[in-house]
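Counting starts at 1 for both ligands and their atoms, following the listed order. Residue indices begin at 1 and follow the sequence shown.
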Amino acid sequence: MQNQRPNKTILITGGAGFIGSHVVDFFVNKYPNYTIVNLDALTYAGNLENLKAVENKDNYTFIKGDITDEKLVNEIFSKYNFEGVIHLAAESHVDRSINDPLAFVKTNILGTMVLLQAFKALWQDNWEGKRFYHISTDEVYGSLGETGLFTETTPYNPNSPYSASKASSDHFVRAYGETYGLPYVISNCSNNYGPFHFPEKLIPLFINNIIEKRPLPVYGDGNYTRDWLYVIDHARAIDLVFHEGKNAETYNIGGFNEWKNIDLVKVLCDKMDEKLNRKKGESQELITYVKDRPGHDLRYAIDASKINKELGWKPSVTFEEGLSETIDWYLNNEEWLSNVTSGAYKKYYKEQYL
Ligand code: NAD
Ligand code: DAU
């Protein structure tokens with residue numbers, strides 16, 4: 001899978017998080033002649049254990065730091081002269097954004113601005129061959145009804161502080177393109193799942209609770225719909241958009257894989273019963289309907305035909321395979337799970353669910 005492209009130095013932000021660690025792994029292995037620098041503040045969601053496979057590679061450097069720290073960001077841009085930025089660092093959990101919206105404004109909006117400013121200061125006299133890639137979410141489009149799909153031209157209509165902060169950062173990236181000519185590309189992706197997913201999000205939270213035979217807190221009536229994509233397929237899409245995407249364009253990325261939460265949870269319960277040699281139906285008994293998420297978006301679903309037609313991308317992993325691999329990964333990595341669910345996680349869990 002190695003690929004010879006001209007040498008390049010790339011900054012990946014948020015590379016110790018769920019998606020970021022897969023993207024770092026993908027780029028470090030596929031492009032041995034690239035220098036990959038990972039800037040991550042190691043918040044509760046960042047974990048260097050996610051990067052064990054690449055930590056000693058010659059083309060990889062980790063820097064612990066905050067994207068809102070202007071001095072540090074400017075220093076590392078001057079030191080490394082990044083030709084490309086793949087920006088993933090963010091506060092990413094909707095429920096946390098409801099309880100602490102300002103943290104989302106700070107990292108997602110201000111942090112993106114600090115990076116844009118540093119990139120502009122470095123290259124504004126010659127943008128040739130440079131690229132700022134902003135990783136965003138389908139949540140900026142708001143909620144769909146029972147039918148329809150989000151396309152790249154769907155108007156923005158964010159409903160949570162998280163999605164509002166991501167929408168704002170998308171607008172700033174575009175504004176830097178229009179105003180200063182900064183060469184950018186944006187992608188808006190649907191719900192990812194897979195290894196290293198922090199167990200505050202639906203799938204890993206429920207896997208962990210099933211292992212521990214704890215209640216499975218389904219919000220509202222469970223009839224909310226999400227479009228699920230295996231994280232490595234997102235990393236593949238990011239590689240393509242970064243290298244082949246057109247400047248000033250947006251690409252929607254999705255799994256063509258819609259599930260109502262309650263249906264997905266039942267499939268997950270049944271698969272886990274099989275893998276844990278439990279009685280069929282045992283885990284479904286843990287399902288507990290709880291108070292709904294405020295401002296809960298009914299349905300997300302992506303029309304990914306643009307990236308398919310223009311860049312030839314489509315998901316390579318079926319949901320059945322991806323879910324099975326994901327469950328196996330969590331069952332085989334209980335130490336990872338127990339490390340991330342100790343300490344601060346216990347406090348979060350109590351405040352959110354108990
Ligand atoms: P995550 O929460 O797992 O990881 C975020 C990472 O960013 C962590 O490593 C964290 O330490 C780091 N970080 C947070 N604040 C920082 C700061 N101020 N400075 C430096 N680093 C900081 O998130 P994720 O699920 O991997 O999402 C990554 C990106 O992809 C986000 O921009 C998110 O909006 C976007 N996205 C996520 C999904 C999804 O389903 N998870 C879907 C579409 C888009
Ligand atoms: O669509 C992309 C987005 O997907 C990303 O931008 C976000 O970073 C990512 O967190 C995710 O957002 P969601 O809010 O869709 O994901 P979450 O896993 O939190 O919830 C998925 C669905 O499950 C949603 O309808 C809420 C529901 N849910 C979630 C949790 C945590 C529950 O019913 N119970 C729960 O305990």
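Considering backbone and side-chain atoms alike, P217 places an N or O below 3.5 Å from some N or O of ligand 2. Residue L202 has at least one nitrogen or oxygen atom sitting less than 3.5 Å from a nitrogen or oxygen atom of ligand 2, judged on distance alone. Taking any N or O of D95, backbone or side chain, none lies under 3.5 Å from an N or O belonging to ligand 2. For a threshold of 3.5 Å applied to N or O pairs, the pair formed by Y300 and ligand 2 contains no separation below that value. Taking only nitrogen or oxygen atoms, main chain and side chain alike, Y224 does not reach within less than 3.5 Å of ligand 2. Taking distance alone, with nitrogen or oxygen atoms compared against 3.5 Å, R226 approaches ligand 2 more closely than that limit. Where the criterion is an N or O separation shorter than 3.5 Å, residue side chain and backbone included, S190 fails it with respect to ligand 2.
Shortest contact from atom 1 (O) of ligand 2 to any protein heavy atom: D138 OD1, 2.5 Å. Remark: minimum distance from atom 11 (C) of ligand 2 to any protein heavy atom is reached at N191 ND2, 3.4 Å. The nearest heavy-atom contact from the protein to atom 9 (C) of ligand 2 is S92 O, 3.9 Å. With hydrogens left out, the protein atom closest to atom 36 (O) of ligand 2 is Y353 OH, 2.6 Å, a heavy atom. For atom 5 (C) of ligand 2, the closest non-hydrogen atom on the protein side is Y162 OH, 3.6 Å. Nearest protein heavy-atom neighbour of atom 20 (O) of ligand 2: R293 NH2, 3.9 Å. Closest protein heavy atom to atom 33 (O) of ligand 2: Y219 N, 2.8 Å. When hydrogens are left out, the protein atom nearest atom 13 (P) of ligand 2 is E139 OE2, 3.5 Å; that is the closest non-hydrogen contact.
Within 6.0 Å of OH on Y348 lie more than 12 heavy atoms contributed by other residues, nucleotides or ligands. Within 6.0 Å of atom NZ in K275, more than 12 heavy atoms from other residues, nucleotides or ligands are found, so the atom counts as buried in its surroundings.
Residues in residues 283-295 take part in these side chain to side chain donor-acceptor pair (under 3.5 Å) pairs, two or more places apart or across chains: D95-R293, Y224-D292, D270-Q284, D273-S283, D292-H296. Judged as a side chain to side chain donor-acceptor pair (under 3.5 Å), the pairs with a partner in residues 12-23 (not counting sequence neighbours) are, in order, T13-H87.
Taking 4.0 Å as the cut-off, E200 counts as a neighbour of ligand 2 on heavy-atom distance. In this structure, H296 has a heavy atom closer than 4.0 Å to ligand 2.
A side-chain contact (heavy atoms from CB on, under 4.5 Å) with Y349 is found for one member of T341, N209, N208 and no other, namely N209. Only one option out of Y184, F119, F77 pairs with F132 in a ring-ring contact (aromatic ring centres under 6.0 Å, His included); it is F119.
Distances from atom 27 (C) of ligand 2 to the heavy atoms of N209, V94, N261 show the closest one on N261.
Taking a cutoff of 4.0 Å between a charged side-chain nitrogen and a carboxylate oxygen, E178 and R174 do not qualify as a salt bridge.
At least one cation-pi condition fails for R131 and F82: the charged atom is not both under 6.0 angstrom from the six-membered ring centre and inside a 45 degree cone around its axis.
When ring centroids are compared, Y193 and F319 come within the 6.0 Å threshold.
In this structure, a donor-acceptor pair under 3.5 Å is present between the side chains of N257 and W259. Side-chain contact check for E258 and Y300: no donor-acceptor pair (N or O, by modelled atom type) lies under 3.5 Å.
The backbone N or O of L229 lies less than 3.5 Å from no partner atom in the side chain of D233, so there is not a single donor-acceptor pair.
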Once you restrict both partners to nitrogen or oxygen, which atoms of ligand 1 have a protein partner under 3.5 Å, and how far apart are they?
{"unit_1": "ligand 1", "atom_1": "2 (O)", "unit_2": "S92", "atom_2": "OG", "d": "2.7"}
{"unit_1": "ligand 1", "atom_1": "3 (O)", "unit_2": "F18", "atom_2": "N", "d": "3.0"}
{"unit_1": "ligand 1", "atom_1": "9 (O)", "unit_2": "G17", "atom_2": "N", "d": "2.9"}
{"unit_1": "ligand 1", "atom_1": "9 (O)", "unit_2": "D40", "atom_2": "OD1", "d": "3.2"}
{"unit_1": "ligand 1", "atom_1": "9 (O)", "unit_2": "D40", "atom_2": "OD2", "d": "2.5"}
{"unit_1": "ligand 1", "atom_1": "11 (O)", "unit_2": "D40", "atom_2": "OD1", "d": "2.6"}
{"unit_1": "ligand 1", "atom_1": "11 (O)", "unit_2": "L42", "atom_2": "N", "d": "3.4"}
{"unit_1": "ligand 1", "atom_1": "11 (O)", "unit_2": "T43", "atom_2": "N", "d": "3.0"}
{"unit_1": "ligand 1", "atom_1": "11 (O)", "unit_2": "T43", "atom_2": "OG1", "d": "3.1"}
{"unit_1": "ligand 1", "atom_1": "18 (N)", "unit_2": "D66", "atom_2": "OD1", "d": "2.9"}
{"unit_1": "ligand 1", "atom_1": "18 (N)", "unit_2": "T107", "atom_2": "OG1", "d": "3.1"}
{"unit_1": "ligand 1", "atom_1": "19 (N)", "unit_2": "I67", "atom_2": "N", "d": "3.0"}
{"unit_1": "ligand 1", "atom_1": "21 (N)", "unit_2": "A41", "atom_2": "N", "d": "3.0"}
{"unit_1": "ligand 1", "atom_1": "23 (O)", "unit_2": "S92", "atom_2": "OG", "d": "3.3"}
{"unit_1": "ligand 1", "atom_1": "26 (O)", "unit_2": "F18", "atom_2": "N", "d": "3.3"}
{"unit_1": "ligand 1", "atom_1": "26 (O)", "unit_2": "I19", "atom_2": "N", "d": "2.8"}
{"unit_1": "ligand 1", "atom_1": "32 (O)", "unit_2": "L88", "atom_2": "O", "d": "2.9"}
{"unit_1": "ligand 1", "atom_1": "32 (O)", "unit_2": "K166", "atom_2": "NZ", "d": "2.7"}
{"unit_1": "ligand 1", "atom_1": "34 (O)", "unit_2": "Y162", "atom_2": "OH", "d": "2.7"}
{"unit_1": "ligand 1", "atom_1": "34 (O)", "unit_2": "K166", "atom_2": "NZ", "d": "3.1"}
{"unit_1": "ligand 1", "atom_1": "40 (O)", "unit_2": "N192", "atom_2": "N", "d": "2.9"}

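Under the rule for a ring-ring contact (aromatic ring centres under 6.0 Å, His included), F104 has no partner lying at least two apart in sequence or in another chain.
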Tell me, with the steps shown, if Y230 and E325 meet side-chain hydrogen bond (donor to acceptor under 3.5 Å, both in side chains).
CA-CA 10 Å; Y230 195 54; E325 278 182 29; 3.3 Å; yes

Verify side-chain hydrogen bond (donor to acceptor under 3.5 Å, both in side chains) between T147 and R299, making sure each step is shown before the conclusion.
CA-CA 9 Å; T147 58; R299 179 169 161 260; 5.5 Å; no

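Applying the 4.0 Å criterion to heavy atoms of V218 picks out, from ligand 2, the atoms 33 (O).
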